[in-house]
Amino acid sequence: MSRTARELAEMAVPRLADFVTIDLPEAVLRGDEPADPTKGLHRTVVHGFRGDCPFYPVGERVHLQPTTPQLRCLTSRRTVLEPDLRDAPGWVSQDPVAAQRILAHNVHSLIAVPLLARGIALGIASFYRARDPAPFGDDDRSLAQELTTRAAICIDNARRYTREHAMVLALQHSLLPQGFPEQNAVEVAHRYLPAESGVGGDWFDVIPLSSARVALVVGDVVGHGLHAAATMGRLRTAARNFAELDLPPDEVLTHLDNLVGRLDREEGGGDACAGIPGIIGATCLYVIYDPTTQECAMARAGHPPPALVRPDGIVTFPELPAGPPLGLGGLPFETAEFLLPEGSQLVLYTDGLIEDRRRDFDTAMEDLRRALSHANRPPEDTCRAVLEAVVPSHPDDDIALLVARTHTLDPERIATWDLPTDPALVSSVRAAVTRRLAEWGLEETAFAAELLLSELVTNAIRYGSGPIQVRLLYDRALTCEVADTSSTSPHLRHAADTDEGGRGLFLVARLSQSWGTRYTPEGKVIWAECALEVPGGKAGPAALRIDLDDIPAI
């Protein structure tokens with residue numbers, strides 16, 4: 001609104017007036033319709049053929065008396081002409097000292113015009129004459145009124161655009177993460193910068209996975225506005241849901257690709273006649289980091305590859321298989337795996353950071369490399385350095401930046417046993433687990449962990465195939481894993497009173513705070529987490545506080 005108002009002043013000086021001031025209510029500057037245009041006026045524009053005339057400065061709040069020409073024109077919604085300001089007591093009484101200073105600059109005539117659009121008063125435009133000794137006449141009043149009417153329509157359009165922009169920006173911020181769940185795999189910092197011209201569909205997320213792993217996601221929906229922001233929210237929610245399935249990155253992208261294609265078809269494929277914009281395209285980068293092995297698996301769908309910063313400050317941009325943008329369908333995605341030393345940084349970003357029509361792409365990538373090439377820097381400092389060195393001065397697209405510094409789970413907090421498929425070994429596993437938990441100081445968790453592993457190992461021996469591997473992970477929770485080479489999917493069911501089996505997974509679900517299945521190239525892993533703290537703050541598994549009567553026919 002301010003720029004549009006200034007264009008009106010620049011058009012009028014010096015063709016019509018020598019000085020122009022424009023006052024807009026605070027509500028209009030926010031993008032709202034003013035409930036009372038006479039209140040909350042702010043000086044928005046001061047423009048003239050010289051810059052030393054003592055009008056109220058830009059940004060100052062203007063309190064107008066009812067007798068002033070400006071307020072009279074605003075209340076009556078009619079143009080007010082004051083041919084001789086020395087004979088305008090209402091104007092002089094507003095501020096006699098300032099009025100005398102203005103008159104001393106030979107300012108002698110005034111036209112005050114209300115800014116009217118769609119019957120709404122949006123502010124006041126005041127035209128002053130100084131160099132021409134002749135006062136303003138009726139022709140000047142008509143011209144000022146016509147200019148102001150045209151400008152008022154433009155200001156109202158800008159106001160409505162500002163309001164829509166603010167609404168879309170608020171929607172997008174509500175759909176982006178407000179905070180990340182606690183996890184030890186990575187230390188995270190992030191930034192989000194909306195485009196100047198319109199809000200887009202950039203998004204990011206950090207999703208804890210089973211067995212102390214974490215997923216990092218960055219995506220971008222093509223386009224701007226409400227539809228792009230809403231689509232972004234749907235994709236972010238879908239990505240979190242697919243992550244819960246513990247799928248590898250390429251399979252997560254395949255599910256997102258199918259979803260985008262289905263949404264596009266359901267919404268009419270961008271049918272212009274129906275007024276429904278289709279999903280023109282979306283990109284995504286999905287990364288999984290495992291702190292127990294320091295392995296990082298990633299896949300991308302038409303998205304820029306991440307930057308990898310080694311602990312010594314060496315920056316690389318791995319050559320990931322590009323993959324098509326989401327929504328094309330039928331084309332495969334590929335997962336690439338890397339081994340990251342502890343303290344490495346993964347830098348994920350959207351294309352708005354490096355793509356700008358006023359800057360060469362290679363120059364932007366080199367700027368990014370230099371900004372990242374610092375050893376052992378916290379992620380917050382990395383974000384700050386990237387924004388200062390790489391972000392365009394006037395970004396045309398949204399920018400999402402996610403920096404994650406990797407950590408490693410202490411090998412002393414990992415216990416692994418390899419077992420043949422022999423039911424007689426279940427008791428020995430329970431004894432070994434008890435000893436290890438005692439070494440970790442988790443004796444109060446031993447009861448639940450023993451029961452969990454007994455059920456999981458027995459289930460693997462009975463329904464899976466060998467060899468079997470048992471693993472304990474001591475992180476924020478105690479994770480019990482049992483891996484076998486079978487792809488048979490376990491299912492939780494409610495056993496009937498006459499059933500001899502079917503209660504193993506029910507016990508697992510009751511004894512653990514969460515459990516699930518993760519498929520691997522060798523088979524599957526069934527995992528269960530035991531909480532290490534209860535709400536009261538005492539150590540020990542909350543899962544122990546179960547009611548045995550809830551378990552059917554035990």
Side-chain angles (χ1 to χ4, degrees), residues 209-213 244-248 251 288 290-293 295 297 409 411 413-438 440 442 445-475 477-496 499-531 541 543-544 546 551-554:
L209 303 177
S210 63
S211 305
R213 299 172 306 134
E244 288 292 327
L245 300 176
D246 257 337
L247 300 174
E251 294 188 29
I288 296 178
D290 188 344
T292 65
T293 61
E295 292 180 351
L409 185 61
R413 292 192 168 209
I414 305 174
T416 306
W417 297 271
D418 293 315
L419 306 174
T421 55
D422 184 358
L425 296 177
V426 175
S427 60
S428 63
V429 172
R430 295 180 59 169
V433 168
T434 302
R435 290 192 299 270
R436 180 53 62 94
L437 293 179
W440 288 342
L442 303 178
T445 315
F447 176 72
E450 288 178 19
L451 287 180
L452 284 173
L453 286 174
S454 295
E455 294 297 337
L456 295 180
V457 172
T458 302
N459 190 71
I461 292 174
R462 184 172 182 179
Y463 301 106
S465 58
I468 297 172
Q469 184 181 79
V470 177
R471 190 169 71 153
L472 289 181
L473 304 177
Y474 176 21
D475 193 38
L478 178 67
T479 303
C480 305
E481 292 184 351
V482 175
D484 63 67
T485 57
S486 169
S487 60
T488 304
S489 177
H491 293 285
L492 178 66
R493 66 187 182 91
H494 202 292
D499 290 345
E500 296 184 359
R503 298 173 180 82
L505 289 181
F506 189 89
L507 283 170
V508 170
R510 296 293 292 172
L511 291 168
S512 62
Q513 66 177 2
S514 61
W515 72 280
T517 305
R518 180 173 70 251
Y519 292 94
T520 66
E522 296 79 21
K524 70 174 182 298
V525 175
I526 305 179
W527 57 270
E529 290 185 357
C530 291
L544 285 177
I546 63 174
I551 303 176
I554 189 170

Specify the closest pair of heavy atoms between [X] and [Y], including all atoms of both residues, with the distance to one decimal.
| X | Y | answer |
| --- | --- | --- |
| Ala448 | Cys530 | CB-SG, 4.3 Å |
| Leu472 | Leu453 | CD2-CD1, 4.0 Å |
| Leu247 | Ile288 | O-CD1, 3.6 Å |
| Ala446 | Leu437 | CA-CD1, 3.5 Å |
| Ala483 | Val525 | CB-CG2, 3.7 Å |
| Leu452 | Cys480 | CD1-SG, 4.5 Å |

Candidate pair Thr479 and Ser210, rule side-chain contact (heavy atoms from CB on, under 4.5 Å), full reasoning: CA-CA 8 Å; Thr479 303; Ser210 63; over 6 Å; no

Results of ring-ring contact (aromatic ring centres under 6.0 Å, His included) for Trp440 - residues two or more places apart only: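 Checked Trp440 against ring-ring contact (aromatic ring centres under 6.0 Å, His included); matches are Tyr474.
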
Counterpart residues, salt bridge (Lys or Arg N to Asp or Glu O under 4.0 Å), relative to Glu450 (two or more places apart):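 By the salt bridge (Lys or Arg N to Asp or Glu O under 4.0 Å) rule, Glu450 matches Arg430.
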
Set of residues satisfying salt bridge (Lys or Arg N to Asp or Glu O under 4.0 Å) with respect to Asp246, sequence neighbours excluded: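 Result, salt bridge (Lys or Arg N to Asp or Glu O under 4.0 Å) vs Asp246: Arg213.
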
With sequence neighbours left out, write down each residue that passes side chain to side chain contact (heavy atoms under 4.5 Å, CB included) with [X], or none if nothing qualifies.
| X | result |
| --- | --- |
| Ser427 | none |
| Glu244 | none |
| Ser514 | Trp527, Glu529 |
| Ala432 | Trp417, Arg435 |

pair Leu419-Pro467: side-chain heavy atoms closer than 4.5 Å: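 SC-SC contact between Leu419 and Pro467 ruled out.
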
Partner set under side chain to side chain donor-acceptor pair (under 3.5 Å) for [X], not counting sequence neighbours:
| X | value |
| --- | --- |
| Thr458 | none |
| Gln469 | Asp418 |
| Arg436 | Glu439 |
| Asp475 | Asn184 |

From CA spacing to verdict: side-chain contact (heavy atoms from CB on, under 4.5 Å), Thr292, Leu473: CA-CA 9 Å; Thr292 65; Leu473 304 177; 4.0 Å; yes

Distance-only donor-acceptor check, side chains Thr416 and Arg471, under 3.5 Å: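 Result is no, nothing qualifies.
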
Asp484 side, atom CG; Ile461 side, atom CD1 - distance, nearest 0.5 Å: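 If I round to the nearest 0.5 Å, the distance is 10.0 Å.
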
